[in-house]
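What follows is a single structure, and I will ask about it in a moment.
Just so it is clear, the structure is predicted and the values come from calculations on it, not from any experiment.
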Amino acid sequence: MIGILNAYHFDPTPGTYQDEYGRLIMQFAKKAFPDKTVKNYDIALGEWPKSIDECEAWIITGSPKAAYDPDSWINDLKKLIVQLDKDQKKTVGICFGHQVIAAALGGEAIKSPKGWGVGVKNFKISQPQKWMKPALEQVSLLFSHQDQVVKIPKHAKLLAEDKFCEFQMFQIGDHILTMQGHPEYSTEFAKERLISRKD
């Protein structure tokens, strides 16, 4: 079973875009793991797995919140990440997930003085890995973030970078993979979020 640690529904009365994100991340996980059952945990609303062994792999989602916010659930998530790393549980971090994994394991994420990274962006694979199929030198993903990882954990390997966002993707051992971009986004959802933040 694949577990989604959904950090997106931080509001007890979520709007349409939050509900839509839940559908997007479920579709993404089911497509990535067609032979697995996928279970969602709304961790920002207090729904947590009883054990990290409930699922064989975990996905930590994006979120409007920041890895450095003082919310108790974010601190609890950081503790869980430390345990996932210690037990070498397969874990993928997307956007906020990328940032909070870095922060939990000795790296750092901040609100970037460069401003927002929005839309389709192209970045370089700086350290190709055997599991990357097909092998690509450049990758394009949808982005929507104002925070960035500025320091990765000491035991992490940087896999991708660009001038705007230096730490695009990193790997820890064979069990953790993180990325700043959103492979789960649809162009329609990304556009809706852009319009909602126009001010």
Side-chain angles (χ1 to χ4, degrees), residues 1-10 14 17-65 67 73-74 76-102 104-105 125 127-136 139-145 153 155-157 159-160 168-190 193:
M1 185 161 63
I2 307 300
I4 296 175
L5 299 174
N6 193 338
Y8 215 86
H9 294 269
F10 68 95
Y17 75 92
Q18 292 171 300
D19 292 334
E20 178 62 22
Y21 183 80
R23 288 190 286 271
L24 285 173
I25 192 66
M26 285 294 286
Q27 290 171 4
F28 170 75
K30 288 177 179 178
K31 186 175 180 180
F33 305 97
D35 58 336
K36 302 290 184 182
T37 302
V38 180
K39 182 174 181 179
N40 181 77
Y41 299 84
D42 285 326
I43 58 173
L45 293 180
E47 184 185 355
W48 293 85
K50 294 178 181 178
S51 165
I52 61 172
D53 295 323
E54 277 187 30
C55 297
E56 61 190 279
W58 300 92
I59 299 172
I60 304 174
T61 73
S63 176
K65 301 295 285 185
W73 70 266
I74 295 176
D76 290 341
L77 177 57
K78 289 176 180 177
K79 293 175 185 176
L80 182 65
I81 290 166
V82 170
Q83 192 62 48
L84 290 170
D85 181 41
K86 181 180 177 183
D87 290 4
Q88 298 189 1
K89 298 290 287 187
K90 300 288 187 183
T91 306
V92 173
I94 299 171
C95 194
F96 167 82
H98 163 73
Q99 297 158 7
V100 76
I101 288 173
L105 300 179
I125 300 296
Q127 287 200 63
Q129 303 297 305
K130 291 181 180 179
W131 55 261
M132 294 180 177
K133 297 177 182 179
L136 300 172
V139 175
S140 294
L141 286 176
L142 286 160
F143 285 78
S144 181
H145 68 106
H155 55 313
K157 179 192 299 182
L159 303 184
Q168 281 282 356
M169 182 186 297
F170 68 81
Q171 177 178 332
I172 297 176
D174 291 324
H175 59 287
I176 291 178
L177 174 67
T178 78
M179 64 197 72
Q180 182 57 63
H182 282 280
E184 82 285 22
Y185 268 16
S186 67
T187 52
E188 294 80 8
F189 183 80
R193 301 309 306 131

(request) On the 0 to 90° scale, with breaks at 30° and 60°, tag the Y185-H182 ring pair as parallel, tilted or perpendicular. (result) parallel
(message) With a 4.5 Å cut-off on side-chain heavy atoms, are L105 and V82 touching?
(response) yes
(message) How close do S144 and C95 get, counting heavy atoms only, and between which atoms?
(response) O-SG, 4.0 Å
(request) Please report the shortest heavy-atom distance between A44 and A7, naming the atom on each side. (result) CB-O, 4.1 Å
(message) Any heavy-atom pair between the side chains of L80 and L5 that's under 4.5 Å?
(response) yes
(request) Decide yes or no for F96 and L77: does some side-chain heavy atom of the first lie under 4.5 Å from some side-chain heavy atom of the second? (result) yes
(request) Indicate yes or no: at least one non-hydrogen side-chain atom of M169 is less than 4.5 angstrom from one of V139. (result) no
(request) Would you mind reporting whether E184 and Q27 have side-chain heavy atoms less than 4.5 Å apart? (result) no
(message) For a quick test of reading the model, state the closest non-hydrogen atom pair linking F28 to I94 and the distance between them.
(response) CE2-CD1, 4.1 Å
(message) Can you classify the ring geometry of H98 versus F170 as parallel (below 30°), tilted (30 to 60°) or perpendicular (above 60°)?
(response) tilted
(message) I'd like to know if the side chain of Q171 and the backbone of G173 have a donor-acceptor N/O pair within less than 3.5 Å.
(response) yes
(message) Determine whether a donor-acceptor pair (N or O, by modelled atom type, separation under 3.5 Å) exists between the side chain of Y21 and the backbone of T61.
(response) no
(request) Determine whether E20 and E188 make a side-chain contact, defined as any pair of heavy atoms from C-beta on separated by less than 4.5 Å. (result) no
(message) How about CG on D174, more than 12 heavy atoms from neighbouring residues, nucleotides or ligands closer than 6.0 Å, or not?
(response) no
(message) Going by salt bridge (Lys or Arg N to Asp or Glu O under 4.0 Å), E56 matches just one of K90, K89, K39, K36. Which one?
(response) K36
(request) Indicate yes or no: at least one non-hydrogen side-chain atom of L159 is less than 4.5 angstrom from one of L177. (result) yes
